Every structure is written in structure tokens, then in C-alpha cells.
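Right, one structure below, let's go through it.
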Protein chains: 2
Amino acid sequence: MAGRNKIYNEEEALDKAIGVFWEKGYENASSRDLQKAMGIGMGSFYLAYKGGKQELFIKSMDRFFSVYPTHALSMLKTIENPVEVIRQYYYVMADPNGQFRQFGCYFSNAIIQIADPDLKNTAIGHVVTVANAFSAALLRAKEAGIIQPTIPQEMWNIYLLNLWTGLNTAKFIEKDVSKMKAVIDFSLRVFE
Amino acid sequence: MAGRNKIYNEEEALDKAIGVFWEKGYENASSRDLQKAMGIGMGSFYLAYKGGKQELFIKSMDRFFSVYPTHALSMLKTIENPVEVIRQYYYVMADPNGQFRQFGCYFSNAIIQIADPDLKNTAIGHVVTVANAFSAALLRAKEAGIIQPTIPQEMWNIYLLNLWTGLNTAKFIEKDVSKMKAVIDFSLRVFE
DNA sequence: TCTAAATTGTATCAATTGATACAATTTAGA
DNA sequence: TCTAAATTGTATCAATTGATACAATTTAGA
């Protein structure tokens, strides 16, 4: 494969793009905003992402997924009680000073902000994957007798997703983190 | 007050603007989109809304608030059990074929879609007002012995808001209305 | 009937948008 | 060393954006 080498690092550039999308939202992030942050020009941009902004956003979601939830998902395997892992995950999401700051959940935001079915479904796919992992861990814990959920099993996924995406909006309404945490604790009791 | 009369009806025009904002989202609704739907031209638009799109959106939220939640809020006074009113309100929100269709909650969407603090706070103000009315009715019902909530009273508001805004996103993930309704029922049990 | 105020519609602006064309540059491998 | 392929950067495009200017029109009240 002859030819000039890429002068930029693809993953680093994707991370920069995530920053722009996250802060400004999909629509408000212009291709020039993205190029500037990614440190690449027009030529490289449309060479790497022939589908333009849309393709870049999908790749940024894939990148986000491979970076952020990883820690929680791996903890599910080492920590005995999955409810504690979920709790911490939700705590971070509800905390204005945490990793998600006031930007909110990258995927939940996309579901509400974007009409394009491809982008919306990509975002949905990622949150569902995480929710599935949560549910699977909860099931293992239930069968091991560690937890005694009072919520019917077929509701676990939607209940978790509903709590998750609710927090993403409610954190803007209730600025007191301790109150948000109290609601998370109360809502997760149905699994304990 | 001499001068030409308005050729358009202000409330009807606002309703048309709501339709555009609701379907396209704030950013994607251009001033020309709005003018076309409202049936007015540039001159009238910027005469009536000197603050442009921003001012129009705030007025559209006020209009939305004065039209849509009214029915539920008045039912709180006639129906004995407020939980049933809240349940129906949430049912409608989660139903892709209901009044809110796939557009979602006008205010919840705004909280996620819009960065502008004025617009965001207006949206927050309206959902909080509705949640307050729900909580007040629940308190009356509790004191009357109609319901025996198991959730601490200081959480009522955030819990209701969290459920509400969660449904607004989760309805895109779980398309089966009956499953959404099951989660609503389960989540509202803490008030019964 | 006259007049000043309110409303309307058209023309127009500069800035920004997503996107393409293409020459210049770089580089692996023959 | 040569060559074809890959990458980069600049120039440029038409379309759309929010917004203003202003002449024309309408109308209530003196």
C-alpha cells in the first residue's frame, strides 16, 4: 500500500470529534468545527469519512462505546453485586462534575436530538447492549442468591433503560446531586 | 391604536410553530420553515418576535403549556385517585400513536436539545409546574387515606420527573406500548 | 377626510453550511 | 530511482441561515 501516511491519529481524532459532538450536539457541530478540533483539513475529512458528518458521528458512537462503558462492564465480572456497579454508573451519569458533566449521556442525547434513523438506531443499539449486560449480571446474581429482585424479570431491561435515560434529563432539573443519588438508590431497591 | 390589523391569528400561528419545532427540533426549524407554516412573512415575523426564533420558541412553550397539560391538571381536581390521572398522562406520552406521537414531550426534548439557558430554564419551569401539581394532588390523596405511598415524600417530584423524562427517551427504545405501560404501572406502584 | 401608527411583503445582506475539485505532497514497493 | 497510490490543503461551489431595510398597504381615531 503505497502512498502518503496519515499525519493524524485516527482514534485521537475521533476522541476530539466526540468532544465537539458531545458539547454542541449533532446538529450544532459543523464540519468545520469538527475538522478544527480533529486537526485535519477538508481533504482528509471527506477522504476518511465519505459519508461526511453522519458517518463520522456513527464512528464516534462506536468509539465512545468502546471506551466509556468498558470499565463498568468489566467490573460486572469481578464485583459480586451488580447492583453496586449499576449504582455507580448511574451516579456518574447524574453528577454534573463527573465524567459526563453537563453533556449528558452521549447515546441518550443522540436518541432525542437526532431524527436520522441510522444514527438513532446506532445509539439505541449501544444503550441496549449495556442494559443487556446489566440484566445478565443481575440474573447471575439472582441465581446465586446474592439479590432477590422484586421486579419481574421481563421488565429489567426497560426499567434500567428508563431510569438511565430519565436521569440524563432529570439531572438538569434537579441540580442537587445528593437528591439525584437518593432517587437512584430508591429506584434500584427493586433489584436488591 | 391606529394601524393595520394583524391578518393572522396569533394563537393559530403559535400552534403551527409548535408543530414545526416539535417535529424538527429547535435547531432544525429554520425561520423560513416557521414563517411558511405560520403563514406569515419576514416582516410580520420579526415585528411580532423581535427576539427571532428564540423568542418565538419561548412563546411556543408557554402556549404549549397552556394547552396540553390543562386536561390532566383539571382532572386532578375531579378524579379521586391522582395516580390514575398521572398514569394516563404517562400512557399518552409513551404511546407512539398518541397525542405526543414520536415527537416526544415538547419540554423534555427542549431540555436535551437546547443549550441556551433561557430556553432550557423555561422548559424546566413548565415540567416542574406539572410535577408540582401531581405531587400536591398525591399529598391530598394521601392525607385523605386514598393512597399509601411507600416512597418518601421529598422524592416524589424528582421520581415523577425522572420517570416522565425517562419514558420520553425509552419509548424510542421499546416500541411495544404494552411493555412501556407495564413499566409505568410498576413504577407508579410506590404511590399506591 | 386626513394622518399617524401598525402591519405586510419584497429585496437584500453577510455569514455559515455541507460538499467537491484538484494540484501539491508524500511514500511504499517495483 | 521511478511510479502509482494515498493523503493533504486550498479554492471554490450553491444553498441555507438569521436578520435588516424599507416601500407599500391598511386602519383607527382625530
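Quick caveat, the model's predicted, so the values are computed rather than measured. Throughout, protein chains are lettered first and strands after them, A, B, ... in sequence-line order, and every chain is numbered starting at 1. Computation of the quantities below employed the complete heavy-atom set of this structure, encompassing side-chain atoms and omitting hydrogens, waters and symmetry-equivalent molecules.
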Check whether any side-chain N or O of A:Lys142 sits under 3.5 Å from a backbone N or O of A:Pro149 as a donor-acceptor pair, and report yes or no.
no

Quick check on [N]: is either OP1 or OP2 less than 4.0 Å from any side-chain nitrogen or oxygen of [X]?
{"X": "B:Ser44", "N": "C:dT8", "answer": "yes"}
{"X": "A:Ser31", "N": "C:dG18", "answer": "yes"}
{"X": "A:Asn5", "N": "D:dA6", "answer": "no"}
{"X": "B:Tyr46", "N": "D:dA19", "answer": "yes"}
{"X": "B:Ser30", "N": "D:dT17", "answer": "yes"}

Ionic contact status for [Y] with [X], cut-off 4.0 Å:
{"X": "B:Glu55", "Y": "B:Lys50", "value": "no"}
{"X": "A:Glu10", "Y": "A:Lys59", "value": "no"}
{"X": "A:Lys16", "Y": "A:Glu12", "value": "no"}

What is the distance, rounded to the nearest whole Å, between atom OH of B:Tyr49 and atom C1' of C:dA6?
16 Å

In whole Å, I'd like the distance from the CE atom of A:Met42 to the P atom of C:dT25.
21 Å

Paired with [N]: which nucleotide, if any, by Watson-Crick or G-U wobble criteria at under 3.5 Å for both distances?
{"N": "C:dA24", "value": "D:dT7"}
{"N": "C:dT16", "value": "D:dA15"}
{"N": "D:dC2", "value": "C:dG29"}

Contact class for [X] vs. all strands (heavy atom < 4.0 Å): base, sugar-phosphate, or nothing?
{"X": "A:Gly43", "result": "base"}
{"X": "A:Ile7", "result": "sugar-phosphate"}
{"X": "B:Tyr8", "result": "sugar-phosphate"}

The residue, A:Lys53 or B:Gly39, whose nearest nucleotide of DNA chain C is more 5′ is B:Gly39

By nearest atom, which of the nucleotides D:dT8, D:dA11, D:dA4 is closest to the A:Ala2 side chain?
D:dA4

Counting only side-chain heavy atoms from C-beta out, which of C:dA4, C:dT17, D:dG18 sits nearest to A:Arg32?
C:dT17

Centroid-centroid distance, A:Tyr68 to A:Tyr106, less than 6.0 Å
no

